[in-house]
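All chains are named by letter (A, B, ...) in the order of the sequence lines, taking the proteins before the strands, and each is independently numbered beginning at 1.
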Amino acid sequence: MVPVEYYLLLSSGLFCIGLFGILTRRNALYFLMSVELMLNAANINLVAFSFYWGNLTGQTFALFAIALAAAEVAVGIGIILALYRNFGDVDVMQAATMRW
Amino acid sequence: MVTAFDYVPAIVLLPFVSFVVALFIGKQLPKKGAYGGIAATAGSLLLSLWVLASVAGGGAHQETYWTWAEGVGSQPFTLEFGALIDPLSALMLVIVTLIATLVHVFSLGYMNDEGERDLPRYYAGLGLFTASMLGFVIADNLLMAFMFFELVGLCSFLLIGFHFREPGPPSAAKKAFLVTRFGDYFLLVGVVAVFATFGTAAFAGAESFPALAEGALDGTVDVWTPGGLDTMTWFTVVGLLVLGGVIGKSAQFPLHTWLPDAMEGPTPVSALIHAATMVAAGVYLVARMYGFYALTPTTLGIIALVGGFTALFAATMGLVKEELKQVLAYSTISQYGYMMLALGSGGYVAAVFHLTTHAFFKALLFLGAGSVIIAMHHNENMWDMGGLKNKMPVTYWTFLAGSLALAGIFPFAGFWSKDEILYEALIHAGSEPLLFAGYAMGLLAVPVTAFYTFRMVFLTFHGNARSEIARNPEPVRWNVKGPLSVLGALAVVTGGINMVPVQKVLGIEGIDYLHLWLDNHWGGIEGLSSHHYAEIDPYSSTYPFGTEVATVLAGAAISLALAVAGLLLAWKLYNVAEPVEHTDKLGGAKTLLYNNYYQDEFQVWLADRTRGVSGGADTFDQGVVDGVVNGVSSVSLFGGDRIKRIQTGVVGNYALLLTVSLTALLVVFALLGGWF
Amino acid sequence: MSLLQIEPTSWLFALSSLGPTVVLVLSALAVLAIDSLSPDARSNTRLAATAAAGTLIALGITVWYLLAGTGQPATGGAISLFSGAIVVDGMGLFFTAIFTSVAALVVVASYDYLEDDANPAAFYSLLLFATTAMSLMAVANSLATVFISLEMASLPSYALVAYLKTNRGSVEAGLKYFLIGAVSAAVFAFGISLVYAATGSLLLPDIATAIGDVTDLAGILGVGILMVAGGFLFKTASVPFHFWAPEAYEGAPAPVSAFLSSASKAAGFAVAFRVFAEAFMPALDVAVDWGLLFGILAVVTMVLGNFAAATQTNVKRMLAYSSIGHAGYALIGLAAVTAGAGANNATVMGAAMAHLLVYGFMNTGAFLFIAMIERWGVGRTFEDYAGIGRKAPMASMAMAVFMFSLAGLPLFGGFFSKYFLFLGAINAGFWWLAAVGAVTSALSLYYYSRVVKALWLEEPTGNLDALDSKPTGLYAAVIVAGVITVLLLPGFGPVIETAEAAAAAVFA
Amino acid sequence: MTDDRPGSSSRAPGIAAVALFGVLAAVILGSAGGFGDPVGFPAGESIVHTIGYALFDIGLGEIPVEGFLAAFLIIAIALDVALDSAVYLAKREDEGTIVSALTDGGRDIVDGPVSGDDSEGGDR
């Protein structure tokens, strides 16, 4: 049986990979994908600890997290479309007219 | 039975009604709301006199009108509005309403006759200003006092900025507002601290915070202090926090910078601000809660030092100003410094006395200056005046009375009150050597005051007219001369209410009316008497000139001699046909010399030195103090500018900063919590 | 474990207890229905009336419940619904009152703002859905419902910020808000999963119980609590999750800025107060001193918000930064909480709640005034605001009230709320928080008074003819907000008493 | 697409993510001793069934779980909201434009075909 802390290491690894993507990528779609990775890191924890604690709360909540991730992507894509129409690109760094 | 105390709210509400009336239907009224304001303030004056008479008849009064909020939980904080009418507040009510009435009348001449625009706004502002000051005066707890204190500040903002179409007034208004507000935030924390410490902010009664503080120092009452701080230390801190607001409002060093700028406001407003409302509010607040301040020697010492220093420092700057109102502005700062010196030296009565006399003679001087300004078509430069003495005799003689009072010349009002302040500082200096410094600075300021006052008088009214307007000044009407005459008479005789030196020297009992008044001789509220304050303050009296009588005489003689010396010096230098600025004099000096060589040489030397010192003080004021004030704001702005630069507009950087902060917080709390 | 302890849901009771939420969601659906049933006769008026009616009825029900004592100790304590995942109590109702008031003002104001808009139905429905989600955040009692309702509030907010699809500023603001929001949501979810990992539960009371047994897992729990705090910091626009706020508030349509900076911020605090007071209180001693965390962040937030606001030239952006600063003040309500001091905690948290209520009116009013300026199109800097006081005296007077109230002048409601906040903080021994609060308030007066000075004390620089049109709805909303801001001074007593009682019930 | 050109993005900020991982890993390894043996699920119980019961607050099943009915209802509305938002944002404003571009936030940075023409709504 895999010790439970390895799941934590795995999930934090995934979380930080997602974060790495957010910090280094400029394309809004990659940005979305990276956020998905981070959310799924949470799901790994939830499912793993659902087993660890012997209750299904975590697993059930993971389902909701997945559904919300989908909803978030839907709205995100909508905003990216609007971004593309206004700025002609999906580069998140380019939309920087407001600052200070 | 209807008593005067039933009408106390009306004293505040009448000017407030005139504010509302002027604001909404002022345009339709004859004189744009002036008559309403005069009627309202005169009504308040009559009611105040009735209240004063009732207090003299043995009554004193405390009443709660309105409860704002009652907290729940273990420590409820009940916030209330109520009136506290005791000898001090009754006296102050009469002063404020009297000055306000006269200022309203004067405004007919200064504003209406001059065809100013936006008069309803002006009269609305005056009404609200008066109402908030009166509300402040009757306040029976510190929170209510604070709220009206702020309202006073807001009104001064509106009135100083009245001529908003010109460039100066709006920024002066803003400066006045912000600088005093800066002090007020200390006051706010102080008010909160008073609540947290005592659970109440009431001024009077057995459950009031001064009484509780006294009990706490005796060990009979338990109070909360932060982190188990020593009660005395904590009370000192609280006292200093409240003092922050006082220093801002009463224009004490280093928060005095707003006041000279505030001269941009209309002159009647300056009279009101300086004599009876805004600036007086700070000193009044200290007097109001003197039972608390008297408990902490450190606070008293600081008050005395700040006061003494301000008195001298501002006086030296008055020496070099060229505009009439600027001189008066610095004299106000200096005179309030005296009052603070008195409060810090345990001279509670002396401070109230000077507050009273100063209210009259400073209102007189400002209105007189207003009269001159009308005559001069709003040119305020004294070097363009001269010779107005014969053209406007009423203004001249009343202005002269006010000046003699300000300079502290026997037997004008200012002499008595200033003398008593210096006397108190002197006899208490034995138990607190720090007061010697305050006394010395106060004493040094005396000749300086006399000098700049009469420099102003001579330049304005004596000699030859130095400009075309000054040769043909515009005449002023009854509505200017009337208030001047009333105040002129008061400036001469007000000293009579408290002739302590005469009493002491001649042994006539019972003519120190103000002492008896504030000592609840005719009635008052337990614990708010000057006697009680004298018991709890840390000072004891010693007489450096042997006996009490000798000390009284010597003190009076010294200050009078210094005042006369200052006056005479001004006489020599400026009471000439064609006075010059004495620094310009060195070159072609000879033609202007009219006395023997040695004396003249001395004069020139002295004028030069004086000018050096006061010029230095002025430079210090404008360069350093203003610089510090501006510096603080520019540092804040610069800081803000730096801070906002992290908002680069690039969303990737935000994500990076977010990650970094999160990581940093994790590390900090991991170390604190020992998670590793 | 045998059959679970769960009671079958009593639907009628649940629906009536959640009355305000139900009304809000029904009105949102009604707006969508009107829009789809008669797509050709899309009427801004009819949609706005429906939306306004929905928010006002919800507000009415909330106030009624508050007065009747629903869910408060007087009538038997908090009402637990859906096997404990939702709990209706005084605090939830208090915050719902804030959200619905702000939403009502914003809807009324938007009526004019959207006058020429092609598709106002989306706006109203999204606004109502967001309000619904906020009212759910206020009553959520399980990290599951907290997370889902928080996301449900965020999603329409992103769309609302980017509502002007052809305007670059609006879209850029929406993008930034969305991206930071998505990252924050991920951090939040990860935090929840770690809390679950350490405690094995998502219900707030169960977490509190389980924390007592967490000893070796304190690190995991601590990281989880920090990350959960991150989710709330995002919602409340506090440092270091505030980066979206200046741009989102500046770029969004002004009514949306009003809504987000008042209601959304309050919603974040509602849920943060409940989660930290109910679930993480025992963690103060065990895992992480989150009181200190919020203390540090409150100080940084107050300083950053107010200092950055002082240097702005654009009024809307200045308000955006000031809104960040106010998040710092409200954070004092969480920072000054100490373990085992229920009464003091209730005092300071109640004060923060009351501050959020007053802030709801004064800040909404200020942003709606900006909306009016945008509608007139006179410009966005302080100079452009010069002399407006003479052309539009009533609205400018109201704006002066908002500015002075935000600065904490003791003439308006904002004074007492700040006063009680500082008092509560000092009383709980956190005098340094009150000190920073007072100093930054002093600074805030500088930039707030600039607006008043521009409006009233300066000569107009540009052409102000546009001000001849008088948008009724905007005017009404601004004036109502102004009147309430003034009335909250004499009427502050009931507000603070309700808030403190509600907070005390949470800590009990 | 900007991202795929070499050199267009910097990998340097990624270090922050690596640092965060380091901190997280340190905390996890520091707490690793605190975990006991997993409880696990009883054999023969249907996990899927229990999740189904949990979604509707029906107290059947042997595995403990909290009630998710409230979450289920809320997410039902939340998904509607997401749909509403996404459809609004993605929809092309073909006929006419939003005349009242009211917000002041954005400043034009380039005068190009992209920013210049408000009426241009769709994909280009």
Is [X] close to chain A through its backbone or its side chain, or both, or neither, when contacts mean heavy atoms under 4.5 Å?
X: C:Thr311; answer: neither
X: C:Phe188; answer: neither
X: C:Ala173; answer: both
X: C:Glu151; answer: side chain
X: C:Ile220; answer: side chain
X: C:Ala189; answer: both

Pairs of heavy atoms under 4.5 Å with chain A: top-ranked of [options]:
options: C:Leu202, C:Leu179, C:Leu175, C:Ile192; answer: C:Leu179
options: C:Gly191, C:Ala162, C:Ala144, C:Ser142; answer: C:Ala144
options: C:Ala308, C:Ser201, C:Ala198; answer: C:Ala198

query = Step by step, would you call A:Phe49 with C:Leu194 a side chain to side chain contact (heavy atoms under 4.5 Å, CB included)?
reply = CA-CA 9 Å; A:Phe49 279 88; C:Leu194 288 179; over 6 Å; no
What distance separates [X] [atom1] from [Y] [atom2], expressed to the nearest 0.5 Å?
X: A:Leu83; Y: C:Lys176; atom1: CG; atom2: NZ; value: 11.0 Å
X: A:Leu8; Y: C:Ser193; atom1: CG; atom2: OG; value: 8.0 Å
X: C:Ile180; Y: A:Ile22; atom1: CD1; atom2: CD1; value: 9.0 Å
X: C:Leu143; Y: A:Thr57; atom1: CG; atom2: OG1; value: 11.0 Å

Under 4.5 Å between any side-chain heavy atoms of [X] and [Y], yes or no?
X: A:Phe15; Y: C:Val187; value: yes
X: A:Leu46; Y: C:Tyr196; value: yes
X: A:Ser11; Y: C:Phe190; value: yes
X: C:Phe178; Y: A:Val92; value: no
X: A:Phe31; Y: C:Val183; value: yes

query = So, the side chain of C:Glu172 versus the backbone of A:Met98: is there a donor-acceptor pair under 3.5 Å, distance only?
reply =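 Present.
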ask   = Counting N and O atoms only, with roles assigned by atom type, does the side chain of A:Asn55 sit under 3.5 Å from a partner on the main chain of C:Gly200, one being a donor and the other an acceptor?
value = yes
message = With a 6.0 Å cut-off (strictly less than), is the heavy-atom count around OH of A:Tyr7, excluding the residue itself, greater than 12?
response = no
ask   = Between A:Asn86 and C:Lys165, what is the shortest heavy-atom contact and its length?
value = ND2-O, 2.6 Å
request  = With a 4.5 Å cut-off on heavy-atom pairs, point out which of A:Ser50, A:Ala62, A:Ala71, A:Ala74 contacts chain C the most.
outcome  =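 It is A:Ser50.
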key: Contact origin within A:Leu32 toward chain C - heavy atom pairs under 4.5 Å   = side chain
Interchain contact, A:Ser34 with chain C, by part (heavy-atom threshold 4.5 Å) = neither
key: Ring centroid separation C:Phe147 to A:Phe61 under 6.0 Å   = yes
